Structure formats: C-alpha cells, structure tokens
Novice: 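Structure provided below as structure tokens; questions to follow.
Here is the naming used below: chain letters follow the sequence lines, and residue numbers restart at 1 for every chain. Since we're looking at a predicted model, the values are computed, not measured.
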There are 2 protein chains.
Amino acid sequence: MAISEAEAVVMEVLWRGAPRTAEEILAEVGPAQQWQEGTVKSLLNRLLRKKAVHAERDGRRYLYTPLLSRGQYVQQESKGLLDRLFGGRVAPLVAHFSEQRKLSKKDIAELRQLLRELDDERH
Amino acid sequence: MAISEAEAVVMEVLWRGAPRTAEEILAEVGPAQQWQEGTVKSLLNRLLRKKAVHAERDGRRYLYTPLLSRGQYVQQESKGLLDRLFGGRVAPLVAHFSEQRKLSKKDIAELRQLLRELDDERH
DNA sequence: TGCCACCGTTTACGTACGTAATTGAAAATT
DNA sequence: AATTTTCAATTACGTACGTAAACGGTGGCA
C-alpha cells in the first residue's frame, strides 16, 4: 500500500529526526497543517499498519521511528511519475522543465557539475 | 479537483488522438487495463465533471475531447512532486536518479545536449 | 483506594477512487 | 408498432484518505 500525502507529512517529520513521540510530531506539524491530535494519531496508526514506521514503547508513550527511508520513498514516487509521464527516462523530464523555463541558474550549474562528475567517474 | 490515476489513463488515450468515442477509448485501453465498458464511462463522466474533457454529441454517441492538455497535466504533476520532494529544484531530482544509477547513456547524452542548447540560447 | 489525566486504539464520517451493474432513453430491427 | 439493441447517465459498493471524536487502559495523585 502506498503512503498517502498526509501520511508523508508525518514521515517527513520522522525523517528530519527520529525517534519522536506523537506529541512531538503534532507540535511540529500541527501549526502548519492545522491538525488535531487525533489526526496525527490516525496517520501514525495507518503508517504502522503499512509497516512504514515502527513504534517502541517508552514508558507510557511510544517512540516512532521510520522503517521506510526517505530515499526509498523518494525513489518510489519519482519512478512512478517518471514512468507514467516520461516513459521512464530522465532527460525528457528535464527537457520539460527546461521548456517551462523552470530551470534556475543554480539548477543549470549543478546539472553541469553533475555531468562533469559522471564523466570523471567513467575515468 | 485532481485527475486520478485511472482517469489519467483515459486522458492519455485522448491526448494520443481526439476526439474519440467511449467505444474507441475502451478498445484502446480495455485489453491492457482489463476494464469493462462501464468503467470507462464512469471515468469519462468524472472527467467531464472535472472539466478535463469536453463531450460533443455526434448522433447517438458522444465525441470526447481533452480540455486539459497533456502539457498542463504533466506540469502540475511534475511540479507537485518536485515541490514535495526536492524543494522545488530540478538539479536535486536529477542527482537523485544519478545516485540510483537510473541515468541511461542516452539520458546523459541528451542532458549534455540540452545544456549545450541552453548555452547557445544565452548567446 | 478511588478518581483523574494522559496516551494509544477504535470507531466514525464524508469524499474520492476503482470498478461495475442497473436504468433509461433513443435508435434500429422485425 | 412492438421489440431489441445501443449508448450514456445513475446508482452501487468496497476501500483509501483526511479529519477527528469516543473509548479504554494505566500510572499518578488526593
């Protein structure tokens, strides 16, 4: 089962630093998201069912830790989009952003650097 | 309201060529998707409600045409992912695929070409 | 020892989605 | 004209999601 968008918000908190209690997660996410306590609890439970986080008892409360890494998640999401929209190839995706003028100077510089590094690796 | 994944499958058919009848869409999508007629009709109706397609009566049937362009759709989806996962910047996304060794030779060649073109544009 | 506060678990509820069966109207056939 | 066929529109239904209230157990305090 896939991680939903609201669930991903909780995961982001855990990726920023774990383990965390439900209370801490709420504190970090509540203001921006306008979520009540129950909402965060539900999301955590769904993430538990999906084996995306692990809960370890710590006295009266639980400490939540991500089982799914951010890398894995990013990988799944990106690959999904790439496959669905760009035939699984990266260059067309970048070309798309290029056409939309969504490449910043910084992006371009970094892409250039990246390609240089790939060159080097290939000794 | 967003276009769902199943709805996007129907849109892809219409982007490949419009207008089309429901029957044509089914013929093109049914085998791969294992969808029945009713499924395609429902998806078309939801797309109509979302103003993503337009239907024009043609005798006894309707001809469906996309109102949302593939470009717009791709743009929304890509930007969503980019913002959610890569801070809205393209280079980190490409770096991610690079780390995952998901850049094909062809990708690399095309990216290089793309950067060259960007150089040229900047005369 | 009995009650309260604190947490997690369970249940709830409206909407969207995937998938389809049912209905209803119009056209074609007999 | 009556019947059958053909479409689209309506309704259905289980699951996921966003959001949260209600329930329940357990440790602390009066």
Novice: Does anything in residues 4-55 of chain B form a ring pair (Phe, Tyr, Trp, His ring centres under 6.0 Å)? List the pairs, not counting sequence neighbours.
Specialist: B/Trp15-B/Tyr73
Novice: For nucleotides 1-8 of chain D, print each protein N/O atom paired with a nucleotide N/O atom at under 3.5 Å, atom names and distance only.
Specialist:
unit_1: D/dC7; atom_1: OP1; unit_2: B/Arg61; atom_2: NH2; d: 2.5
unit_1: D/dA8; atom_1: OP1; unit_2: B/Tyr62; atom_2: N; d: 3.2
unit_1: D/dA8; atom_1: OP2; unit_2: B/Lys41; atom_2: NZ; d: 3.2
unit_1: D/dA8; atom_1: N7; unit_2: B/Lys41; atom_2: NZ; d: 3.3

Novice: Starting at atom CG of A/Leu44, determine the distance to atom P of C/dG8, rounded to an integer number of angstrom.
Specialist: 8 Å
Novice: Over how many whole Å does the gap from A/Ile3 atom CD1 to D/dG18 atom P extend?
Specialist: 11 Å
Novice: If you compare all heavy atoms of B/Ser98 against all heavy atoms of A/Leu118, which two are closest, and at what distance to 0.1 Å?
Specialist: OG-CD2, 3.8 Å
Novice: Is B/Leu48 reachable from B/Ile25 through a run of I, L, V, M, F, W or Y residues, each pair having side-chain heavy atoms under 4.5 Å apart?
Specialist: yes
Novice: Just how far, in rounded Å, is C1' of D/dA16 from CD of A/Glu7?
Specialist: 9 Å
Novice: What is the distance, to the nearest angstrom, from the CZ atom on A/Arg20 to the C1' atom on C/dC7?
Specialist: 19 Å
Novice: To the nearest angstrom, how far is A/Gln36 atom CD from D/dA22 atom C1'?
Specialist: 15 Å
Novice: A/Leu43 side chain: which of D/dT19, D/dC17, C/dA20 is closest?
Specialist: D/dT19
Novice: Base, sugar-phosphate or nothing for A/Gln34? Non-hydrogen atoms, less than 4.0 Å.
Specialist: sugar-phosphate
Novice: Assess whether one donor atom and one acceptor atom, taken from the side chain of A/Arg46 and the base of D/dT19, lie less than 3.5 Å apart.
Specialist: yes
Novice: Got more than 12 heavy atoms from elsewhere within 6.0 Å of CD, A/Glu37?
Specialist: no
Novice: A quick test of your reading: do over 12 heavy atoms of other residues, nucleotides or ligands sit less than 6.0 Å from CZ of A/Arg16?
Specialist: yes
Novice: Got a second to check how far B/Leu14's CG is from B/Leu47's CG, nearest 0.5 Å?
Specialist: 8.0 Å
Novice: Measure from CG on B/Leu26 to C1' on C/dT19 and round the result to the nearest Å.
Specialist: 13 Å
Novice: Of A/Arg49, A/Arg46, A/Lys50, which is the lone residue that meets salt bridge (charged side-chain N to carboxylate O under 4.0 Å, His left out) with A/Glu7?
Specialist: A/Lys50
Novice: Please state how far atom CZ in A/Arg49 lies from atom P in C/dG8, giving the value in whole angstrom units.
Specialist: 16 Å
Novice: At under 4.0 Å, does any side-chain N or O of B/Ser4 touch on OP1 or OP2 of C/dC17?
Specialist: no
Novice: Find the distance A/Glu5:CD to D/dG18:C1' and express it as a whole number of Å.
Specialist: 11 Å
